[in-house]
Novice: 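Encoded as structure tokens, here's the structure I'll be asking about.
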Amino acid sequence: MASSTIADVITEAVEQPLPDDVFAMARRTLLNVAGTAVGASRHEAVDAVVSHSRGVARVPGRRTKVAPVDAALATGIAAHLDDFDDTHLATVIHPGAACLGALAALEPEVGALPATDVLNAYAWGCELQLRLGVAVSPSHYDLGWHITGTCGAFGAAATSALLLGLRGERLASALSWGISRGLGMREGFGTMTKPFHPGKAAANGVLAARSAAAGAPGPDRALEGFVETLTREYDERQFLGEFGDRFELRYNTFKPYPCGIVTHPVIEAGEHLAEPIKAAGGVEAVEGVAVHCHPLVPELTGNPNPLDGLQARFSTVHGVAAGLLLGLVDLSAYEDDFVRSEAMKQVRSKVRLLAAPERARAEAEVVVTMKDGATLRHHVRTARGSQEMPLTEADLYSKVSRLIEPVLPGRTDSVVKAVSGEGPDYLTTLMNACVGEED
Amino acid sequence: MTDVSASLVQFSLSGGSSIPDGLRSAVSDLPAASSAGEDGHLAAVRSAYPEGDVRADVLESAAGLARSGVHPLLAATASVARLRNDARAVEATVLGCEVACRLAALLDVRPDALSVVGAALAGSTDPAGALHALGLASTQTTTVSGSSGEGAEGQEEVAALRTAFAAADGLEAALLGERGFTAPEAPVEGRRGLLALLAPAVDAQELVSELGTRWHAEAVL
């Protein structure tokens, strides 16, 4: 499949208006990652980029202006850093972060574009990376690639190219560079390298579009190379079939907890048991905690003794222990000091993961045995934030508010208003809100 | 069993006293400076970086060397080494290229596909930072996919841009590693690391066999 053919298909599709529900999902996706990006904007991983760059582009939650490539990198890192962003469950891609990075980088150039143009570009960037992901799933991720980064550069390139108005050969060139400059090995999970993946994917996508806009040719056989080297399967119908009718973006979900999604039903069950445990004598009176879960839980998040917040995001043992102890798991449950606390070490030491293939991915049952022999149990059949039980508008507002307020007090509503906006100056208004400037 | 990633990092930061004369000459004889010339494509990429940023500098020098016929791996690695390790630029270039060539041989891919690894190691100055730089570079080695950029129309320009990107990305990895940006401790031999993903059947220990006595880079550079 030549990139020019892909570009032709995309060019035809983007001329049509998006279905209303897809357009609305693009806004929800954007609001969600604007929140996570602001929420993590002061993290040292973001500092490592922002503190060494100067330029004209902005990063959500930061006052300093940086070079476009660093705005893309820092924004993508921040949006995914807390593992609190979004998930397309069939691929486990987190599509919003890399495309937000592209918006941040290009805002100085295209800040005046109307809402429709920006949201179309954002939606198609998300959609295309998801389609590529579906076409190579599940083997690509199973082999060990971090699909958010490997497919993310393609999505960011598409968003960037569409924002810059590229069509024909130049769009094809940008898309080729995007496919060939994806990145990400799962070995990096539990370190800053994981959020680096969507950040760098965003930067690579922006550079792909810029070089293409200047007339640079794209690498030939980019898609073929991706398929031959990075996956065992490829279904072209999933990539380009039903174009303009089937939208994978419809199936994006928003995380209620800041960690790997397979942990979510377990945490939810743990939260439900916090009060009953308190009433039965507290966590000191707990003898053991059995977690009945899907086999992906120990496979992806089996670390029983995390040493910091990033490692804890890949520890279901930590997640359920935090739920049992706190009753509400949010970012504070993943702060380094809390992860390393004696109280958490004690509770984690009592947890066992019991995986069984008959358990669904969105399901978990937690059984707590007390020292007096009593048992407490909670069964989550379908986790909150899953496809079947998505976050409500109120849930999403609450989540975004909890992320934005500690960094930019009183600015949640201006970010929500900017994302919901219509008409011109959409990106400039959005970035103003995300850095705390008055309109 | 040797800790492969750490051993490669240690090697890349060593004095390089055993580097063969031929390899030293191949690097020493490179043009002192090379301009990419008038180039709208590169200018468009460069403008996305901060004014005066070192990553933009190596973009240009690597593309210039590649266009003048220097092997892409050498062009990317030498550009970064010269900028970061002037006192030991020759050693940093050869050692970075040697690690990249060893990886390429084991993965059975073109050495230029590992340019980002060579550049990252050549741009590093301390062991902890270099290990993280190796991690950040390794996670970007999807460059093994696709064609070499040779032959087809326009693909020489693609190859030059690839070399420029590899140099800038490798330098960025080195800088981030130095600033404490964390990365996996075993990016090469880890369970989901470079070898597991691209050549699961190979023995990682081969990478460090005869390190410093047998030079894979001799066949490439």
Novice: Does any heavy atom of chain B fall under 4.5 Å from the side chain of A:K200, the backbone, both, or neither of them?
Specialist: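 Side chain only.
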Novice: So, A:E109 and A:R210, do they make that salt bridge, N to O below 4.0 Å?
Specialist: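 Judged by the 4.0 Å cut-off on N to carboxylate O distance, A:E109 and A:R210 do form a salt bridge.
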Novice: I'd like to verify something: which residue of A:G184, A:G149, A:A105 has the highest number of heavy-atom pairs under 4.5 Å with chain B?
Specialist: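 Looking at each of A:G184, A:G149, A:A105 in turn, A:G184 comes out on top.
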Novice: So which part of A:L106 gets closer than 4.5 Å to some heavy atom of chain B, the side chain, the backbone, both or neither?
Specialist: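 A:L106 has no heavy atom closer than 4.5 Å to chain B.
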Novice: Charged N to carboxylate O below 4.0 Å: is that the case for B:D57 and B:R46?
Specialist: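 A salt bridge is present here (some side-chain N lies under 4.0 Å from a carboxylate O).
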Novice: Under a 4.5 Å heavy-atom cut-off, does chain B meet the side chain of A:R186, its backbone, both or neither?
Specialist: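 Both backbone and side chain.
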Novice: Could you tell me if B:T182 and B:H132 have a donor-acceptor pair between their side chains, going purely by distance under 3.5 Å?
Specialist: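 No.
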Novice: With only heavy atoms counted, which part of A:W145 is less than 4.5 Å from chain B, the side chain, the backbone, both or neither?
Specialist: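 Both parts, heavy atoms under 4.5 Å.
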Novice: Determine, for B:R179 against B:E172, whether the closest basic-nitrogen to carboxylate-oxygen distance falls under 4.0 angstrom.
Specialist: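 A salt bridge is absent here (no side-chain N lies under 4.0 Å from a carboxylate O).
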Novice: Using non-hydrogen atoms and a 4.5 Å limit, figure out which bit of A:H146 sits close to chain B: side chain, backbone, both or neither.
Specialist: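 No part of A:H146 comes within 4.5 Å of chain B.
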Novice: Taking the basic N atoms (NZ, or NE/NH1/NH2) and the acidic carboxylate oxygens, is any pair closer than 4.0 Å for A:D82 and A:R313?
Specialist: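 Counted as a salt bridge, because a side-chain N and a carboxylate O are separated by less than 4.0 Å.
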Novice: Is any side-chain N of the basic residue among A:K65 and A:E107 closer than 4.0 Å to the acidic one's carboxylate O?
Specialist: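 Between A:E107 and A:K65 there is no salt bridge, as every charged N stays at least 4.0 Å from the carboxylate O atoms.
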Novice: Does the side chain of A:D70 come within less than 4.5 Å of B:P50's, by heavy atoms?
Specialist: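 The answer is yes, as the side chains (C-beta and beyond) meet within the 4.5 Å cut-off.
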Novice: Considering only heavy atoms and a distance below 4.5 Å, find which of A:A212, A:G190, A:A67, A:G188 pairs most often with chain B.
Specialist: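 Greatest number of close heavy-atom pairs with chain B: A:A67.
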Novice: Quick one: what part of B:E178 sits under 4.5 Å from any heavy atom of chain A, side chain, backbone, both or neither?
Specialist: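 Neither part; nothing is under 4.5 Å.
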Novice: In terms of heavy-atom proximity below 4.5 Å to chain A, should B:L175 be classed as side chain, backbone, both, or neither?
Specialist: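 B:L175 has no heavy atom closer than 4.5 Å to chain A.
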Novice: Pick one of side chain, backbone, both or neither for A:D142, based on which atoms fall under 4.5 Å of a heavy atom in chain B.
Specialist: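 Contact with chain B: backbone only.
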Novice: Quick test of your reading of the model: are A:R221 and A:E228 salt-bridged, counting only N-O distances below 4.0 Å?
Specialist: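 Yes.
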Novice: Which bit of A:L143 is near chain B, if near means a heavy-atom gap under 4.5 Å: side chain, backbone, both or neither?
Specialist: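 It is the backbone, since no side chain atom gets that close.
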Novice: Taking every non-hydrogen pair under 4.5 Å, which of A:G55, A:S180, A:G182 racks up the most with chain B?
Specialist: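 Option with the top pair count is A:G182.
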